[in-house]
Amino acid sequence: MTSPLDQMFERSRWAEQLDASQRERVRSETVVREVAANGLVCRKGETVEAWVGVIEGLVKISSVSFEGKLVTFTGVPAGGWFGEGSLLKDEPRRYDVIALRDSLVSYVPRATFQWLLDTSIAFNRFLLVQLNERLGQFIATVEYERLLGPDARVARCIAQLFNPLLYPGSGRQLRISQSEVGYLTGLSRQRANQALQTLEASGLIRVEYGGITVADLDGLSRYEG
DNA sequence: TCATTAAATTGTT
DNA sequence: AACAATTTAATGA
């Protein structure tokens, strides 16, 4: 029987390329935890002690200003890893990470992360690709937020969740409710619903009950209204 | 397998 | 924010 963690490793390129003893060490040192919807995966300000992977479900990385305004930076679906930035810089975590629905999360301890960094070239390559991909995403996000309306923001958000480099093996279909799309984009559910219908009418996605299927990922990521 | 019910999600105001 | 309609999941005959 393969555990959910093993399945996570199987579709993570860095873990795939470890040898048996390396993988065994990572497996034994990694902690898996269930997080209920709206539960905290990591909290802002805490000392960073782990690199985090989403095995199942969906989490969002966000921050609250001291005025209480909630800002969401990005969502991370199953298959995604995050937190390497804070680990590398050895600083307190800058963001809250909250589960959007019941999720299964894995924590790779700092020491294990360091050891991978020191011993595995595949791991280093993976981080390089991931960091680069994220940088591209955030630059594009800033550009879009300044220039485009809600429909395009939703389009971008969905396209991000389907990034094959960051979240491999998830296919074209993602289970995500429209209220979750609203949380990720900072829009009301009603507006998110409207945007999804616009995008469906443009033939970029198919809207289903409790999920969406991407028909044209490329078109979605360059949608401008 | 089918029918009934509760819960979740969606479409609309 | 509230409502009704729709879909899914769970339950038991």
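Quick caveat: nothing in here was measured; it's all calculated off a predicted structure. Order of the sequence lines fixes the chain letters, A, B, ..., with proteins taken first and strands second; residue numbering starts at 1 for each chain. Values below: all heavy atoms of this structure, side chains included; hydrogens, waters and symmetry mates excluded.
Rounded to a whole Å, the OH atom of A/Y209 is 6 Å from the P atom of B/dT9. Put simply, CD on A/Q197 is 9 Å from C1' on B/dT10, counting in whole angstrom units. Between A/L100 atom CG and B/dA8 atom P there is a gap of 16 Å when expressed in whole angstrom units. The nearest whole Å value for the distance from the CD1 atom in A/I212 to the C1' atom in B/dT9 is 14 Å. If you take CD of A/E208 and P of B/dT9, they are 15 Å apart, rounded to a whole angstrom. Here the P atom of nucleotide C/dT8 and the CZ atom of A/R175 are 10 Å apart, to the nearest Å. Nucleotide B/dA8 holds its C1' atom 11 Å from the CD atom of A/E180, rounded to whole Å. If you take CZ of A/R191 and P of B/dG11, they are 14 Å apart, rounded to a whole angstrom.
Between the side chains of A/R33 and A/Y107, a donor-acceptor pair is found at a separation under 3.5 Å.
OP1 or OP2 of B/dG11 sits under 4.0 Å from a side-chain N or O of A/Q178. A close approach under 4.0 Å does not occur between any side-chain nitrogen or oxygen of A/N193 and OP1 or OP2 of B/dT10.
Residues A/R222 and A/D218 are paired through a salt bridge, judged by an N-O separation under 4.0 Å between the basic side chain and the carboxylate.
Residues A/N124 and A/W14 are not in side-chain contact: their nearest non-hydrogen atoms beyond the backbone lie 4.5 Å or more apart.
A donor-acceptor distance shorter than 3.5 angstrom exists from the side chain of A/Q130 to the backbone of A/W81, with no hydrogens or angles considered.
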